[in-house]
Chemist: 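Encoded as structure tokens, here's the structure I'll be asking about.
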Amino acid sequence: MAYMAAPTPARTPLPDPATLRDLAVRAAVEQGLLDREPVTCLLDVAGIRARAASLTAAFDAAAAPGTPVLHTFAVKAAPLVPVLRLLADAGVGCEVASPGELALARAAGVPAERTVLDSPAKTEAELREALALGIAVNADNAQELERLDALMAAGPPTRSPIGLRINPQTGAGTIDALSTATATSKFGFALRDPGARERLVRAFLDRPWLTRLHTHSGSQGVPLALIAQGVREVHALAEEVNAAAGRRRIDTLDIGGGLPVDFASDEHAPTYAAYVTALRAAVPALFDGSYGLVTEFGRSLLAKQGLILARVEYTKETGGRPIAVTHAGVQLATRTVYAPASWPLRILAYDAKGEPRTGPPVAQDVAGPACFAGDLLATARELPRLRPGDVIAVPDTGAYFFTAHYGYNSLPRPSVHGFTATPRGGIRFAPARPAQTLADLVTEAGGAFRDALL
Ligand SMILES: *Cc1c(COP(=O)(O)O)cnc(C)c1O
């Protein structure tokens, strides 16, 4: 089902991001998306395709002809089946890290050979299933590798490429909770611990079926040069393994994702091209065709394509500070609410009709609907003074925000709609996820077991 395009005046077919966003907000209001729920979420469909194309182009431009390159999307960034399907159609597979994410990738029709399994806590059953399906597996630790030894010895032959996840221990970025490559990170085989290199080389020499190295050394807050340094360490280890084996035992490097996103503007910065340039500078041989490449980007593919729209329910003034009480809060922007310094979000003001609100800027708190004092998307934010019935838009929320719902106060998951500009300047919406109904909420809260504890 797709809603009808709004009869808006003809405009240029490819508006800039801010203009397109204004069109989408107005169309969402005109088409009643905020009448059914006080908050809804939008995804820019053409924008997602454009991100996938820019990723593909950046690597194609650098890689020697014939180099196998598989781009996968880190499903945790936007676990929505239609998004995975769209990305698959744009040539991007899936990186999964739980049985749920694997189920979503399969529901989206992503083939096994374009799926990579990376979770740090894979059960034996999950490993067995992955090997049976033929999806790529990156082992996180020595005990997981022992499990794989047993499964490989006992089981039928598998088509799964198998690798080891390496923590290059190259250091932290500005956000500790997201820094994967610290000396004590929980992820992967540490590379710099005493004796680690020798053990890793030996692990490959002992296991002919181990053919890959994996690292995911970047994230929001990690500078490009530091991410690239992690990849360099892993490339050097691959060279060492292959030299020790006397042949190309490792044929593929999975370099993870981790490209940061600019939450302060509509810029795509850094670009995929800039990341490729940083990689070429740090690891000149990476693209020479000796290794196939796998990537696992999440945030940089989806963040800037997502937009939360929420009604302002009330406005008030307390202790001299204006506060706008809206329907977007901790349930959709969990990280921003709990760690506002690390995850600042822009807030854009629109009036009740979805037109950009104008007026002199006034420092306001923008609060969410949850019952705790810290449920604020922004404090003392300079915005035209908001009024009840207005709409706020929260851009850059396509990854890890509304797709990572937090069920506080039994606030329902809102609907998600993809939007596309029509050639005549209208906006067409297509539902990508229904709103969670109150009946869903009751069921998920054990409604069928009402008397269980009597
Ligand atoms: C989260 C994750 C990614 C994606 O990270 P982004 O910062 O969203 O690009 C890729 N690989 C692994 C193993 C991850 O855990």
Side-chain angles (χ1 to χ4, degrees), residues 48 51-52 54-55 58-59 70-80 83-84 87 92-98 100-102 104-105 114-122 126 130 135-141 144 163-168 172-182 185-189 212-224 226-228 230-231 234 252-263 268-272 274-276 278-279 293-306 335 342-343 396-401 403-404:
I48 296 172
R51 292 307 287 155
S54 109
L55 168 63
F59 277 76
L70 170 63
H71 297 292
T72 66
F73 173 63
V75 171
K76 72 173 183 281
L80 295 173
V83 167
L84 307 183
L87 286 168
V92 177
C94 282
E95 184 266 349
V96 300
S98 71
E101 290 181 359
L102 176 57
L104 298 186
R114 305 185 69 76
T115 304
V116 178
L117 174 66
D118 278 344
S119 54
K122 306 174 198 79
E126 279 171 69
I135 69 182
V137 176
N138 289 312
D140 178 85
N141 57 67
E144 186 184 338
L164 300 185
R165 176 169 183 168
I166 304 298
N167 171 10
T174 57
I175 306 177
D176 279 346
L178 264 69
S179 293
T180 53
T182 60
S185 157
K186 75 167 187 172
F187 292 121
F189 288 80
R212 291 186 170 189
L213 282 176
H214 169 226
T215 189
H216 170 59
S217 57
S219 208
Q220 191 65 22
V222 181
L224 286 191
L226 193 58
I227 310 179
V231 176
V234 165
T252 301
L253 300 179
D254 179 339
I255 64 171
L259 195 67
V261 157
D262 179 1
F263 284 97
H268 287 294
T271 60
Y272 289 118
Y275 181 44
V276 164
L279 285 171
L293 298 173
V294 178
T295 74
E296 307 170 341
F297 293 100
R299 182 176 292 108
S300 58
L301 278 167
L302 255 291
K304 302 199 85 64
Q305 277 59 56
R335 284 177 170 168
S342 295
W343 299 101
D396 310 328
T397 48
Y400 304 103
F401 283 96
T403 53

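Numbering of ligands and ligand atoms starts at 1, following listing order. Just so you know, these numbers use all the heavy atoms, side chains as well, and skip hydrogens, waters and symmetry mates.
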Chemist: Are any side-chain N or O atoms of S98 and backbone N or O atoms of S119, one a donor and one an acceptor, separated by less than 3.5 Å?
Modeler: no

Chemist: Can you list the steps and then say if L302 with I48 is a side chain to side chain contact (heavy atoms under 4.5 Å, CB included)?
Modeler: CA-CA 6 Å; L302 255 291; I48 296 172; 3.7 Å; yes

Chemist: Between T215 (side chain only) and I166 (backbone N and O only), is there a donor and an acceptor less than 3.5 Å apart?
Modeler: yes

Chemist: Tell me whether T72 contacts the main-chain N or O of T115 through its side chain, where contact means a donor paired with an acceptor under 3.5 Å.
Modeler: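 Absent.
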
Chemist: Quick one: look at Q220 and ligand 1, take heavy-atom pairs under 4.0 Å, and tell me if it's side chain, backbone, both or neither.
Modeler: neither

Chemist: Please check if the distance between the ring centroids of H216 and F187 is under 6.0 Å.
Modeler: no

Chemist: Do ligand 1 and R299 have nitrogen or oxygen atoms that lie under 3.5 Å from each other?
Modeler: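 Between R299 and ligand 1 (N or O atoms, distance only) the closest approach is under 3.5 Å.
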
Chemist: Based purely on interatomic distance, does E296 place a nitrogen or oxygen under 3.5 Å from a nitrogen or oxygen of ligand 1?
Modeler: yes

Chemist: Return a yes/no value for D118: is any of its N or O atoms, backbone included, closer than 3.5 angstrom to an N or O of ligand 1?
Modeler: no

Chemist: If you measure every N or O of G298 against every N or O of ligand 1, does any of those distances drop under 3.5 Å?
Modeler: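 Min N/O separation from ligand 1 is below 3.5 Å for G298.
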
Chemist: Can you figure out which of F187, F73, F297, Y400 has its heavy atom closest to atom 8 (O) of ligand 1?
Modeler: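 Answer by nearest heavy atom: Y400.
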
Chemist: Below 4.0 angstrom from a heavy atom of G257, which ligand 1 atoms are there? Numbered from 1 as shown, please.
Modeler: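 Counting from 1, the qualifying ligand atoms are 9 (O), 10 (C).
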
Chemist: In plain terms, say whether K76 and E101 are close enough for a salt bridge, that is, a side-chain N and a carboxylate O under 4.0 Å apart.
Modeler: no

Chemist: Give a yes or no on whether the backbone of S300 and the side-chain of R51 come within a donor-acceptor separation of less than 3.5 Å.
Modeler: yes

Chemist: If we set the cut-off at 4.0 Å for heavy atoms, which region of A77 has an atom near ligand 1: side chain, backbone, both, or neither?
Modeler: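 Answer for A77: neither.
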
Chemist: Using a 4.0 Å cutoff against the non-hydrogen atoms of G258, which atoms of ligand 1 qualify?
Modeler: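 Listed by number with element: 5 (O), 6 (P), 7 (O), 9 (O).
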
